[in-house]
Amino acid sequence: MEREHDDCRAGPRDGLWDGAVEAALRYYRAFLRRPGRHLDLCFEVSCHPESSLVNVANARDILEEALHVLPLPARAELGRLVAPLDAGLRRRTLPDPHACRRFWRGGGWWHRRLYDGDFRW
């Protein structure tokens, strides 16, 4: 399925490009290395596939897709790399209490975290 020009989100519908898993892991790790107790997800600003990984939820989408298509040994290895990153993301981001009202935030649990600029209660 081809992506429309005005849709900047990379994700499972886009497929994996060469180096996608490496780039997604790099962005995921970099996001979690940021200082501060709590982190907010941020929206992507460019339609270039790798630039969309600035939104760590998109990076996590790429990793999820890879976990579904890789052969078992590689899938298990990637799963071991992703599990502690997921734990860090759950620990350092806050759930969005209004995510169910935000139709554009579908997908995995990582899309239902607070984004930069979201109103906090």
What are the two closest non-hydrogen atoms of [X] and [Y], and how far apart are they?
X: G107; Y: R112; result: O-NH1, 2.7 Å
X: A59; Y: A24; result: O-CB, 3.5 Å
X: Y115; Y: A57; result: OH-CB, 3.6 Å
X: R34; Y: R92; result: O-NH2, 2.7 Å
X: L39; Y: L32; result: CD1-CA, 4.2 Å

Beyond-backbone contact of [X] with [Y], side-chain heavy atoms, under 4.5 angstrom:
X: V56; Y: C42; value: no
X: V21; Y: L63; value: yes
X: N58; Y: Y27; value: no
X: T93; Y: L114; value: no
X: L53; Y: F31; value: no
X: L25; Y: L78; value: yes

Tell me, please, which residues at least two apart from R80 pass side-chain contact (heavy atoms from CB on, under 4.5 Å).
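If we apply the side-chain contact (heavy atoms from CB on, under 4.5 Å) test to R80, skipping adjacent residues, the hits are A76, E77.
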Which distance, rounded to the nearest 0.5 Å, do you find between the CG of D96 and the NE2 of H111?
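D96 CG to H111 NE2: 12.5 Å, rounded to 0.5 Å.
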Between R91 and R37 (side chain of the first, backbone of the second, donor and acceptor by atom type, cut-off under 3.5 Å), is there such a pair?
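No.
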Under 3.5 Å donor-acceptor pairs involving side-chain atoms of residues 83-90, not counting sequence neighbours:
| from | atom 1 | to | atom 2 | distance (Å) |
| --- | --- | --- | --- | --- |
| D86 | OD1 | Y28 | OH | 2.6 |
| D86 | OD1 | R60 | NE | 2.7 |
| D86 | OD2 | R60 | NE | 3.3 |
| D86 | OD2 | R60 | NH2 | 2.9 |

